[in-house]
Amino acid sequence: MLTLISPDGTVPDRLPFTLEEMRRLYAEMVEARTYDHKCMAMQRQGRLATYAPFEGQEAAQIGAAAALRSDDWVAATYRDAALMWRAGYPWSLLVAGRTGDERGGQAPEGVNVLPPSITVGGHMIHAVGLAWAEALNGTGRVALTSFGDGATSEGDFHEAMNFAAVYNTPTVFLCQNNGFAISYPRAEQTRSQSIAMKADAYGMPGLLVDGNDVAAVLDVVGSAVGRARNGEGPTLIEAVTYRLGPHTTADDPGRYRDEDEAVGWRERDPLERVRLLLERAGGWSPEWQAELETRASDTIEEAVAMAEALPPPTAEEMLVRMYEQPTTLIEAQLGEIGQ
Amino acid sequence: VSELTLAQSLNGALATALESDERVVLLGEDIGRTGGVFRITDGLRDKYGENRVFDTPVAESGIVGAALGMAIAGMRPVAELQFLGFSYPAYDQIINHVARIRNRSNHRFTAPLVIRVPFGGGIGAAEHHSESTEAIYAHIPGLKVVVPSTPSDARGLLLAAIEDPDPVLFLEPIRLYRAVKEDVPELYYTTEIGPLRVEREGNDITLVSWGAMMKETRAAASRLEESGASVEVLDVRTLSPIDADGIVRSATKTGRVVVVHEAPRTGGMGAEVAAIVQERALYSLTAPVRRVTGWDTVFPLKRSEGHYLPNADRIVRVAQQTLET
């Protein structure tokens, strides 16, 4: 498993990124965690529908998205807000989606990020089709799909991996192995020693990376993206991480896991190790930290305000979203719903 | 103009689509080298190349899901699933993703793709090869469901489906692939998705059908006319969005409606037709709306197909009861 930055912030070997690059990645992780905490709080206040927190997985998500070009495709899940944001999706729309508003699923023009898939595993094959189309059209774009350890048991994981390898599509499969599929532990999910090794069976490279090390994730995903863009085909990456929070706001992890385990993982926090690294290199100060946190908090508050300022959706919008032009049947129901 | 079977017409329409729109690609099991299990894509890989016509691994969910990704990225994929009974592994992709990506992304991403599926029985095939479960797809918002029964409709509707900005499930009646011939124009034309086709005009009774049952319905109509009835025959052609106005117009005129489909009766599209008629034309009716359908059974194997499939005799019998009411 590749680690570039140890949990204590030391670099045993060599770090292929500059101090400035590391400061930016750190600032982005702080912003993502601020969003995550804000959403948890808002859900408790009844301002959001169910929320799936990603705390602990910031490095896997920010590192992966930082490896992409701004026009690359992303097909991710309900727990991937940080990844989607780093790929260009505004926080305000992510919040809007979680308030229960379909308008939150509309990425801005030019941002090639699909709305998150809620069913587990069905979206991986979309990243294969997206990448396949881009390869046929010679655009150089790649598609990254993110999913959890549980999704690798779905039949669609097999079909997506197989299609990607058969057609040599520029797809990057990013598995965030966060230890649990809701309550079901990774050790029971599959008898394979690792998820990365499953790539062998499909005839593509499989790489294991420390998912709490943003530099290692960026490095590994970056090389996979480079291979894909180069016409060298797909890669499976297993980023080993840990979901510090519950599956969703409707979940109680105390029913299925030992909280000591979570404490152990907190010591491997993806933000703290970069903070230690920066501090040692003279790139961190308490003042800068305070500044980052204030800025992040302001940004997220502004996004929340934008999402909550959306006018209530009309009944007509719901019907009109079904087809490009309302069908005769939708027209009739538009008349009926408007009465 | 040349005289073509329904199968030849579909092949010609696919060639025209590949010729006229470089975004069109075909993908499916065995559609390249062998031209598909029914040879509908025969010769297209040779003519348009392996970067337009793809043989795929045996994975229906993968085929449909990959086609969706391609469609989102701006292509116009036409996927083939070999039989409607083999579409269920792709059911999740069709319902949860293909039919919903427009809604989920508030129109930002769309699914302009066609899923072609041979369907229906009458050829003595193995289990799963004779399904007629169109109603479970017609029930899904976001999807369109089209069923041609003539060679010229097949061309026009398939080209319309490929042009359509929304996903179309295109059901091809297996039993009619080579059983009907018709002059089909060679030019590029589309047949609007939605409006039904009045195949025969009449005043005493309306027979409503689609797909392979059009042949039986047509035969029944001829026999009923021989005995003096004036029969209107509607080929619904589009099951979603179904042409409610067209059905109501005819029901209002004749006052008698019989729906014919080979799918099982309960929850079938015949119930939808009957509901439309009673909601909007009840006071024009002189008889109850009746259904001639497959039975509420699994589609039987070869030796029992005759027990299952509606035929002209059954249609004539029910139509006569209706005419006598």
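None of these values were measured; they are calculated from a predicted model. Numbers restart at 1 for each chain; the letters A, B, ... are given by sequence-line order, proteins then strands.
- Put simply, the side chain of B:Leu113 does not reach to within 4.5 Å of the side chain of B:Ile162, judged on heavy atoms.
- Interatomic distance, A:Phe163 CZ to A:Ile125 CD1, rounded to the nearest 0.5 Å: 5.5 Å.
- Judged as a salt bridge (Lys or Arg N to Asp or Glu O under 4.0 Å), and not counting sequence neighbours, A:Glu238 has no contacts.
- Distance CG/B:Leu26 to CD1/B:Ile31: 5.0 Å, rounded to 0.5 Å.
- Interface remark: B:Ile63 contributes backbone and side-chain atoms alike to the contact with chain A (heavy atom separation under 4.5 Å).
- With a 4.5 angstrom heavy-atom cutoff, B:Ala67 does not touch chain A via any of its atoms.
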Between chain B and chain A, which donor-acceptor atom pairs come closer than 3.5 Å, counting both backbone and side-chain atoms?
| from | atom 1 | to | atom 2 | distance (Å) |
| --- | --- | --- | --- | --- |
| A:Gln106 | OE1 | B:Asn106 | ND2 | 2.8 |
| A:Ala107 | O | B:Arg108 | NE | 2.9 |
| A:Pro108 | O | B:Arg108 | NE | 3.3 |
| A:Pro108 | O | B:Arg108 | NH2 | 3.1 |
| A:Val111 | O | B:Arg108 | NH2 | 2.6 |
| A:Thr119 | OG1 | B:His97 | NE2 | 3.4 |
| A:Gly122 | O | B:Gln93 | NE2 | 2.8 |
| A:His126 | NE2 | B:Gln93 | OE1 | 2.8 |
| A:Asp156 | OD1 | B:Ser61 | OG | 2.7 |
| A:Asp156 | OD2 | B:Gln93 | NE2 | 3.4 |
| A:Glu159 | OE1 | B:Ser61 | N | 3.4 |
| A:Glu159 | OE1 | B:Gly62 | N | 2.4 |
| A:Tyr167 | OH | B:Asp55 | O | 2.5 |
| A:Val320 | O | B:His107 | NE2 | 3.4 |
| A:Arg321 | NE | B:Asn103 | OD1 | 2.7 |
| A:Tyr323 | OH | B:Gly142 | N | 3.1 |
| A:Tyr323 | OH | B:Leu143 | N | 3.3 |
| A:Tyr323 | OH | B:Leu143 | O | 2.7 |
| A:Glu324 | N | B:Asp166 | OD2 | 2.7 |

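- Among A:Ala133, A:Ala127, A:Ala332, A:Ala131, the residue making the largest number of heavy-atom pairs under 4.5 Å with chain B is A:Ala133.
- Heavy atoms closer than 4.5 Å to chain A are found in the side chain of B:Ile101, but not in its backbone.
- Contacts between B:Leu68 and chain A at a heavy-atom distance below 4.5 Å involve the side chain alone, from C-beta outward.
- Minimum interatomic distance between A:Leu310 and A:Ala96 (heavy atoms only, all atoms of both residues): CD1-CB, 3.9 Å.
- B:Val236 is listed as a side-chain neighbour of B:Ile242, based on a closest heavy-atom distance under 4.5 Å.
- Partners of A:Ala135 by side-chain contact (heavy atoms from CB on, under 4.5 Å), not counting sequence neighbours, listed by chain and number: A:Pro170.
- Ranked by heavy-atom pairs under 4.5 Å with chain A, the list B:Gly74, B:Pro77, B:Ala66, B:Ala111 is led by B:Ala66.
- Taking the side-chain contact (heavy atoms from CB on, under 4.5 Å) definition, one finds that A:Pro53 meets it with A:Asp36, A:Met40, A:Tyr51, A:Arg79, A:Pro246, sequence neighbours left out.
- Note that the CG atom of A:Asp149 and the CZ atom of A:Phe157 stand 11.0 Å from one another [nearest 0.5 Å].
- Taken from CE in A:Met197 to OG in A:Ser192, the straight-line distance is 5.5 Å, to the nearest 0.5 Å.
- Proximity of B:Leu171 to B:Val145: side-chain heavy atoms (C-beta onward) are separated by under 4.5 Å at one or more points.
- When each of B:Leu143, B:Val25, B:Ile193 is scored by its heavy-atom pairs under 4.5 Å with chain A, the top score falls to B:Leu143.
- No other option in A:Pro116, A:Ala164, A:Pro108 has as many heavy-atom pairs under 4.5 Å with chain B as A:Pro108.
- Proximity to chain B involves both the backbone and the side chain of A:Leu114, based on heavy atoms less than 4.5 angstrom apart.
- Taking CZ of A:Phe173 as the start and CD1 of A:Ile237 as the end, the distance is 11.0 Å to the nearest 0.5 Å.
- Among the candidates A:Leu136, A:Ile118, A:Val166, A:Ile330, the residue making the largest number of heavy-atom pairs closer than 4.5 Å to chain B is A:Leu136.
- The contact between A:Ala107 and chain B is made by backbone and side chain atoms together, counting heavy-atom distances below 4.5 Å.
- Among the candidates A:Gly97, A:Ala75, A:Pro115, the residue making the largest number of heavy-atom pairs closer than 4.5 Å to chain B is A:Pro115.
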